[in-house]
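To start, the structure under review is shown below, and the notes come after it.
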There are 2 protein chains.
Amino acid sequence: MAEPSTRTVERALQLLGSVCDAGSLTLADAARGTELSASTALRLLRTLESSGFVRKDQDGAYRPGLRIVQLGAQALRHESIISLAEPALERIVDATGESAYLNVQAHHGPGGGHGLYIAMREGTHSVRHSSWVGRTVPLEGSASGAVLTGKTPAAGYVVVDRGVESDVTAIAAPIAVATHAPDGRITGTRVIAALSVVAPSYRIDAEKIKAIGELVAAEAHNVLTADQQENQP
Amino acid sequence: MAEPSTRTVERALQLLGSVCDAGSLTLADAARGTELSASTALRLLRTLESSGFVRKDQDGAYRPGLRIVQLGAQALRHESIISLAEPALERIVDATGESAYLNVQAHHGPGGGHGLYIAMREGTHSVRHSSWVGRTVPLEGSASGAVLTGKTPAAGYVVVDRGVESDVTAIAAPIAVATHAPDGRITGTRVIAALSVVAPSYRIDAEKIKAIGELVAAEAHNVLTADQQENQP
DNA sequence: GACTGCGTTTCACTTATTGAAACGCGAATT
DNA sequence: AATTCGCGTTTCAATAAGTGAAACGCAGTC
């Protein structure tokens with residue numbers, strides 16, 4: 001059973017994704033973007049609309065609907081990893097003044113893996129890196145991406161200077177859980193999230209990088225050690 | 001054309017909603033909750049899963065997926081009304097110390113209308129009302145609900161003491177846009193959102209209510225007056 | 001006035017969805 | 001141990017449901 005999924009639903013979800021990615025999309029554009037016939041796209045968008053997942057603005061263009069906002073916010077609240085990591089984010093910002101983030105590996109869409117920001121805390125410097133929850137970054141070439149794909153070196157943290165974004169240096173460390181065999185033996189660890197700091201490159205030197213790296217690694221390690229509850233990536 | 005929507009997609013979205021509402025749902029429960037046969041629910045959930053909208057945790061239960069988080073966060077960012085209203089929320093909190101919210105009317109689901117929190121700012125008092133973005137409240141019996149359904153009295157704000165929530169008093173005022181006829185004449189106003197303050201009832205008296213009400217009404221009125229751009233409910 | 005592109009509706013084709021039934025499994029019950 | 005129960009899963013024939021080409025009206029544009 002390779003693909004026992006329902007084509008109609010897949011198409012509708014694809015359409016929904018397109019609308020949310022674009023922010024605002026006309027029917028013809030949506031149809032082109034998903035390679036659907038106009039009539040099919042119209043029918044599916046109408047269904048999405050009647051459920052509140054998209055809406056039409058006064059120009060007739062489709063936009064993300066409030067249902068998406070609601071479900072997304074609900075889903076975020078249920079992510080236990082976020083509440084566990086928030087104190088760490090706060091401590092990191094307090095100690096460094098730089099913006100701190102929590103990333104997980106996003107669903108494997110086409111075009112390679114991506115990381116997803118699911119929590120953040122802005123730095124206190126007036127010049128600071130600023131991203132947002134819901135943003136995705138390629139795993140390839142980013143510090144958090146390296147960490148999420150298990151490429152953390154022995155030092156315990158990854159540094160990427162001017163990787164996917166220019167002028168900034170990212171420092172990331174893994175939050176990992178132990179994996180168990182059916183009989184209970186520990187078989188290894190699996191990275192479920194990355195804690196990272198992103199700072200303007202001009203502001204930090206090798207010494208600062210080392211200090212931040214060790215801090216982030218220590219905080220990342222402590223996120224799950226104190227209170228080991230149910231948590232999934 | 002009463003309902004030219006696709007049943008399959010409707011069912012899938014319903015399933016998605018169930019999973020997000022419950023936070024965690026077993027296949028059998030999801031099937032029961034949506035009155036679908038187990039095989040159909042399984043097929044649809046698999047499709048949702050392969051698109052990242054839901055995921056299975058290690059117990060085999062379905063949970064909201066990261067795609068939902070991502071799209072929801074994206075959608076929130078595109079809500080221009082939020083960025084326009086945020087300064088107002090901040091000023092209200094600074095002036096009153098109480099939590100301030102921005103609500104819109106959620107998609108009309110079954111069971112009457114609901115309001116949806118799309119932005120908030122927590123108060124500064126140690127005892128304060130605290131809700132969250134994504135939460136819904138019934139329009140019936142709430143201050144913001146009255147405002148959103150156009151029932152704002154001449155005073156410009158609505159006060160509800162111990163309405164849907166006990167021990168708190170809610171004060172809400174409408175953010176409205178002018179509606180135009182095709183020829184450009186103004187035909188009336190339409191409420192697109194509500195600005196509200198929710199405070200513990202014991203802390204505020206008639207005098208304070210009046211002060212807050214006038215402040216909220218003034219701020220709500222100013223949200224769209226200074227900078228009139230594209231904005232839809 | 002001809003043309004282009006959009007949103008929309010219609011309709012015959014047939015594909016893709018459907019749900020009952022059956023299966024294996026583990027847990028709770030006898 | 002044997003039994004029952006409910007869950008997740010697979011299979012499969014019936015047909016309900018989704019599909020897309022075509023045609024339409026409409027607004028701009030050339």
Side-chain angles (χ1 to χ4, degrees), chain A residues 1-19 22-51 53-65 180-184 230 232, chain B residues 1-20 22-65 180-184 230 232:
Chain A
M1 49 140 242
E3 289 289 331
S5 32
T6 63
R7 186 172 60 144
T8 319
V9 176
E10 260 178 358
R11 289 173 160 183
L13 295 177
Q14 206 181 336
L15 229 21
L16 177 60
S18 293
V19 170
S24 170
L25 216 53
T26 176
L27 167 63
D29 286 337
R32 256 190 301 276
T34 51
E35 294 183 323
L36 293 173
S37 72
S39 50
T40 300
L42 176 65
R43 214 173 329 107
L44 296 180
L45 281 171
R46 285 224 177 108
T47 306
L48 289 169
E49 189 189 359
S50 74
S51 305
F53 283 80
V54 305
R55 65 179 198 275
K56 283 176 92 162
D57 63 17
Q58 66 274 21
D59 302 330
Y62 290 93
R63 291 175 170 256
H180 303 266
D183 60 8
E230 50 93 57
Q232 38 286 104
Chain B
M1 46 140 246
E3 288 291 329
S5 31
T6 62
R7 187 172 59 146
T8 319
V9 175
E10 260 177 357
R11 288 173 162 181
L13 295 177
Q14 205 181 337
L15 230 22
L16 177 60
S18 293
V19 171
C20 289
S24 171
L25 216 53
T26 176
L27 168 63
D29 285 339
R32 257 190 301 276
T34 52
E35 294 183 321
L36 294 174
S37 72
S39 51
T40 301
L42 176 66
R43 214 172 331 106
L44 296 180
L45 281 171
R46 284 221 178 113
T47 306
L48 289 169
E49 188 188 1
S50 75
S51 305
F53 283 80
V54 304
R55 65 179 198 272
K56 283 175 92 161
D57 63 18
Q58 66 274 22
D59 303 331
Y62 290 94
R63 292 175 169 256
H180 302 266
D183 60 8
E230 49 93 59
Q232 37 285 100

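Just so we're on the same page: letters track the sequence lines, and every chain starts at 1.
- At a threshold of 4.5 Å between non-hydrogen side-chain atoms, the residues A/Leu44 and A/Leu36 count as touching.
- Note: CG (A/Leu44) to P (C/dT9) measures 15 Å, nearest angstrom.
- Although no hydrogens or angles enter the test, the distance criterion places a donor-acceptor pair under 3.5 Å between the side chain of A/Thr47 and the main chain of B/Thr6.
- Here C/dG7 presents its P atom at 12 Å from CG of A/Asp57, a figure rounded to the nearest Å.
- Rounded to an integer number of Å, the gap from B/Lys56 NZ to D/dG8 P is 8 Å.
- The interatomic distance linking B/Leu25 (CG) with D/dC7 (P) rounds to 12 Å, in whole Å.
- Although no hydrogens or angles enter the test, the distance criterion places no donor-acceptor pair under 3.5 Å between the side chain of B/Arg63 and the main chain of B/Val19.
- Put simply, CZ on A/Arg32 and OG on A/Ser18 are 12.5 Å apart, with the number rounded to the nearest 0.5 Å.
- Taken to the nearest 0.5 Å, the NZ atom of B/Lys56 stands 6.5 Å off from the CZ atom of B/Arg46.
- The end-to-end axis angle of the helix from C/dG1-D/dC30 to C/dT30-D/dA1, rounded to 10 degrees and based on five pairs per end, is 30°.
- When distances run from any side-chain atom of B/Arg7 to the nucleotides D/dT19, D/dA16, D/dT9, the shortest one goes to D/dA16.
- For the pair B/Leu42 CG and C/dA21 P, the computed distance is 19 Å after rounding to whole Å.
- The backbone N or O of A/Tyr62 sits nowhere less than 3.5 Å from a side-chain atom of A/Arg55 that would complete a donor-acceptor pair.
- In this structure, A/Leu45 atom CG and D/dG18 atom C1' are separated by 15 Å, rounded to whole Å.
- Side-chain proximity of B/Arg11 to C/dT18, D/dG18, C/dC6: nearest is C/dT18.
- Note: CG (B/Asp59) to P (C/dG26) measures 16 Å, nearest angstrom.
- Atoms CG and CG, on A/Leu42 and A/Leu27 in that order, are 5.5 Å from each other to the nearest 0.5 Å.
- Annotation: the span from A/Thr34 atom OG1 to A/Leu45 atom CG amounts to 8.0 Å, rounded to 0.5 Å.
- The distance from atom CG of B/Leu48 to atom CD of A/Glu10, rounded to the nearest 0.5 Å, is 10.0 Å.
- Place A/Ala28 and A/Val9 on DNA chain C by their nearest nucleotides, and A/Ala28 ends up nearer the 5' end.
- Sorted by residue number, the members of residues 33-41 of chain A with any non-hydrogen atom under 4.0 Å from DNA chain C read A/Ala38, A/Ser39.
- The nearest whole Å value for the distance from the CD atom in A/Gln58 to the P atom in C/dG7 is 15 Å.
- An OP1 or OP2 oxygen of D/dG20 is reached within less than 4.0 angstrom by no side-chain nitrogen or oxygen of A/Arg43.
- Between A/Arg46 and D/dG18, a side-chain N or O to OP1/OP2 separation shorter than 4.0 Å is absent.
- Of the candidates D/dT9, C/dC6, C/dT17, C/dC6 carries the atom nearest the A/Thr26 side chain, counting heavy atoms from C-beta on.
- Residues A/Thr8 and A/Gly60 both approach DNA chain C. Their nearest nucleotides, taken by heavy-atom distance, put A/Gly60 toward the 5′ side.
- Although no hydrogens or angles enter the test, the distance criterion places a donor-acceptor pair under 3.5 Å between the side chain of A/Asp57 and the main chain of A/Asp59.
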